[in-house]
Amino acid sequence: MFSEKLLKWYDLFKRNLPWRTERKNPYFVWLSEIMLQQTTVATVIPYFGRFILKWPELKDIAKASLDEVLVEWQGLGYYSRARNLHQCAQLLANAFPQSEEELRILPGIGPYTAAAIASIAFDKKAAAVDGNVIRVLSRYYALQLPMPRKEVHQRLKKLLPNKRCGDFTEALMELGALVCRPKIPLCEECPFLETCKAYKLKNVESFPLKHLKEKMPTRYTTAFIICRQDGALWLRKRPSKGLLGGMMEVPTTPWIEVKNAKQKTCVKHTFTHFHLEATLCYRDKPPDRDGLWVHPHDFKKYALPTVMKKIIKAGLKEFESVQNSFDDAV
DNA sequence: CATGCGTGGTC
DNA sequence: TGACCAAGCAT
């Protein structure tokens with residue numbers, strides 16, 4: 001029996017992760033699942049710890065402002081998750097629904113997360129299909145489909161146990177993360193070594209089929225380091241939707257795919273679907289009224305995405321050396 | 001259904 | 001250094 005063998009393995013090898021508490025905490029499960037979307041466990045752990053320290057329960061984060069949530073989320077990426085998290089907390093305020101169907105309609109909760117919360121937090125019989133599960137079952141059944149998600153979902157439903165559904169969901173993902181890894185899978189340590197079709201075919205790593213990706217374009221911009229005599233920097237808030245929605249930034253020229261030959265790239269950063277190269281430009285007066293002065297000491301009060309932290313760091317460093325050489329000269 | 005949406009680690 | 005990857009969702 002698939003589920004029995006998997007659960008036996010899980011009991012022996014599961015990790016102690018901060019959201020895996022003895023008594024199931026739906027708030028912890030929800031928060032961790034949102035954070036773990038497209039994000040590694042190692043990256044999530046410190047963020048999760050800070051969130052539950054600041055907001056121990058759902059009702060606590062429900063009282064927080066979006067800006068407060070974005071400040072704690074800064075650096076984690078995919079900022080729409082933070083906006084949806086905040087909205088979801090406000091909608092619920094008190095408690096989570098327990099069915100996959102009711103969870104599914106909440107902001108930021110899609111098919112995977114709904115099934116994951118229903119099973120992990122409430123032990124409902126729900127099939128949670130994520131990247132791990134697609135990889136594990138694509139290999140186990142040697143699925144040659146280019147888009148195996150639907151097929152994997154059908155197969156997974158038939159594998160679900162009647163007891164310990166939550167553990168089963170976590171176990172399958174844990175197997176994918178620790179043993180049935182994308183690269184260099186540890187097949188010798190896998191409980192399904194003898195029944196895995198991909199292993200029998202001796203090409204485990206070729207599953208699931210990966211489609212070639214288009215090369216990412218590079219966009220170019222000039223970022224303005226607008227620094228006042230007292231060291232304060234001019235920042236503004238980005239529009240609430242889209243790329244880095246609701247986060248703070250230094251003013252920049254439009255990000256376009258045309259390189260200005262004369263300018264020298266100071267900061268490079270890669271986003272989901274393009275590279276960015278930024279040139280720095282120094283000013284002492286803001287271009288308009290859209291923004292505010294922020295002292296470096298107060299940066300932590302504002303939600304700055306990693307790309308802007310890089311630009312500001314490079315900008316202030318450069319500014320300092322310019323100032324110092326000026327000071328030396330006089 | 002394809003595209004937009006971050007970041008840090010790894011090889 | 002750069003390409004690829006990691007517990008998806010919204011539109």
Side-chain angles (χ1 to χ4, degrees), chain A residues 14-15 17-20 28-48 70 73-85 87-88 103-117 119-121 126-136 146-147 149-150 152-153 156 166 168-178 180-185 205 208 210-219 238-247 249 255 265 268-277 303-310:
Chain A
K14 72 170 173 182
R15 290 173 287 180
L17 299 175
W19 45 88
R20 284 184 185 155
F28 283 16
V29 174
W30 165 70
L31 182 60
S32 65
E33 287 300 338
I34 301 298
M35 288 182 166
L36 286 163
Q37 288 168 4
Q38 301 298 102
T39 310
T40 58
V41 165
T43 300
V44 164
I45 285 175
Y47 282 88
F48 180 83
L70 285 174
W73 198 274
Q74 62 180 316
L76 196 51
Y78 287 128
Y79 297 98
S80 66
R81 290 185 296 173
R83 305 196 294 271
N84 287 329
L85 184 86
Q87 195 191 341
C88 185
L103 288 160
R104 173 65 185 80
I105 62 179
L106 293 167
I109 299 182
Y112 160 73
T113 307
I117 296 173
S119 65
I120 298 170
V129 178
D130 74 331
N132 284 307
V133 175
I134 288 175
R135 185 172 61 257
V136 172
M147 308 285 287
R149 182 176 293 271
K150 184 171 279 183
V152 166
H153 184 83
L156 180 60
F168 176 85
T169 294
E170 291 203 83
L172 200 51
M173 292 190 290
E174 196 79 333
L175 186 74
L178 300 177
C180 198
R181 310 182 297 194
K183 290 177 180 176
I184 320 178
E205 271 197 74
K210 28 207 166 274
H211 50 289
L212 20 67
K213 286 164 187 167
E214 294 192 15
K215 288 173 192 167
M216 292 201 293
T218 300
R219 297 181 188 171
R238 293 177 62 85
S240 58
K241 290 184 178 179
L243 182 68
L244 309 176
M247 305 291 285
E249 67 171 2
W255 303 6
T265 297
K268 288 187 179 186
H269 188 79
T270 299
F271 289 93
T272 308
H273 59 296
F274 66 91
H275 302 289
L276 182 70
E277 296 191 350
L304 288 162
T306 299
V307 62
M308 288 301 154
K309 289 191 174 183
K310 279 192 200 175

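Proteins get letters first, then strands, A, B, ... in listed order; numbering begins at 1 in each.
For A:E170 and A:K14, the salt-bridge test fails: no basic side-chain N is under 4.0 Å from an acidic carboxylate O.
Rounded to whole Å, the distance from CD on A:E174 to P on C:dA7 is 11 Å. Here the P atom of nucleotide B:dG9 and the CZ atom of A:R181 are 18 Å apart, to the nearest Å. Taking atom CE of A:M216 as the reference point, atom P of B:dC5 lies 13 Å away to the nearest angstrom. Here B:dC5 presents its P atom at 17 Å from CH2 of A:W73, a figure rounded to the nearest Å. Computed from coordinates, the A:F274 CZ to B:dT3 P distance equals 16 Å when rounded to whole Å. Atom CZ of A:R81 is separated from atom C1' of C:dA7 by 10 Å (rounded to the nearest Å). Counting to the nearest Å, the C1' atom of B:dT7 and the CG atom of A:L304 are 15 Å from each other. Atom-to-atom, NE2 of A:H211 to C1' of B:dA2 comes out at 10 Å; the value is rounded to the nearest Å.
Side-chain N/O atoms of A:T306 include one lying less than 4.0 angstrom from OP1 or OP2 on B:dT7. An OP1 or OP2 oxygen of B:dC5 is reached within less than 4.0 angstrom by a side-chain nitrogen or oxygen of A:H273. Between A:H269 and B:dG6 there is no side-chain N or O to OP1 or OP2 distance below 4.0 Å. Regarding contacts with the backbone of C:dA7, a side-chain N or O of A:R135 is found under 4.0 angstrom from either OP1 or OP2.
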Polar pairs (N or O, both sides) under 3.5 Å between protein and nucleotides 8-11 of chain C?
residue: C:dG8; atom: OP1; partner: A:G131; partner atom: N; Å: 3.2
residue: C:dG8; atom: OP2; partner: A:Q38; partner atom: N; Å: 2.8
residue: C:dG8; atom: OP2; partner: A:Q38; partner atom: OE1; Å: 2.7
residue: C:dG8; atom: O5'; partner: A:Q38; partner atom: OE1; Å: 3.3
residue: C:dG8; atom: O3'; partner: A:T113; partner atom: OG1; Å: 3.4
residue: C:dC9; atom: OP1; partner: A:G110; partner atom: N; Å: 2.8
residue: C:dC9; atom: OP1; partner: A:G110; partner atom: O; Å: 3.4
residue: C:dC9; atom: OP1; partner: A:T113; partner atom: N; Å: 2.9
residue: C:dC9; atom: OP1; partner: A:T113; partner atom: OG1; Å: 2.6
residue: C:dC9; atom: OP2; partner: A:Y112; partner atom: N; Å: 3.4
residue: C:dA10; atom: OP1; partner: A:G108; partner atom: N; Å: 2.5

Under 3.5 Å, which protein N or O atoms sit close to an N or O of nucleotides 3-5 of chain C? Give each pair with its distance.
residue: C:dC5; atom: OP2; partner: A:K213; partner atom: NZ; Å: 3.0

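With P as the reference atom, B:dC5 and C:dA7 are 22 Å apart, rounded to whole Å. With both ends at atom P, the span from B:dG6 to C:dT11 equals 14 Å, rounded to whole Å.
Residue A:L76 is classed as a base contact, given a heavy-atom separation below 4.0 Å to a base. If you check every strand for non-hydrogen atoms under 4.0 Å, A:V41 touches a base. Within 4.0 Å of A:G245, counting heavy atoms only, lies no atom of the nucleic acid at all. Across all strands, A:L17 comes closer than 4.0 Å to base atoms (heavy-atom distances). Across all strands shown, A:R20 has heavy atoms under 4.0 Å from base atoms, whether or not it also approaches the sugar-phosphate.
Note: A:T113 OG1 to A:W30 CH2 = 11.5 Å, rounded to the nearest 0.5 Å. The CG atom of A:N84 sits 10.5 Å away from atom CG of A:L106, with the distance rounded to the nearest 0.5 Å.
Qualifying side chain to side chain contact (heavy atoms under 4.5 Å, CB included) partners for A:F28, counting only residues two or more places apart in sequence or in other chains: A:W19, A:T21, A:N25, A:F48, A:I52. Residues satisfying the side chain to side chain contact (heavy atoms under 4.5 Å, CB included) test with A:H275, not counting sequence neighbours, are A:M216, A:T218, A:T270. Here A:H269 pairs with A:F271, A:T306, A:V307, A:K310 under the side chain to side chain contact (heavy atoms under 4.5 Å, CB included) rule; sequence neighbours left out. By the side chain to side chain contact (heavy atoms under 4.5 Å, CB included) test, A:P217 pairs with A:E257, A:F274, sequence neighbours left out.
Relative to the side chain of A:T272, the nucleotides B:dA2, B:dC5, C:dG2 differ in distance, and B:dC5 lies closest.
On a pure distance criterion of 3.5 Å, no polar donor-acceptor pair joins the side chain of A:T43 and the base of B:dG8.
Side-chain atoms of A:Y112 and A:E33 form a donor-acceptor pair, as typed in the model, at a separation below 3.5 Å. Side chains of A:N132 and A:R135: a donor on one and an acceptor on the other come within 3.5 Å.
Shortest non-hydrogen contact noted between A:R149 and A:V129 is NH1-O, 3.0 Å. Of all heavy-atom pairs between A:V44 and A:M35, the closest is CG2-O, 3.4 Å.
A residue-by-residue look at A:Y79 and A:K150 shows that A:K150 has its nearest nucleotide of DNA chain B further toward the 5' end.
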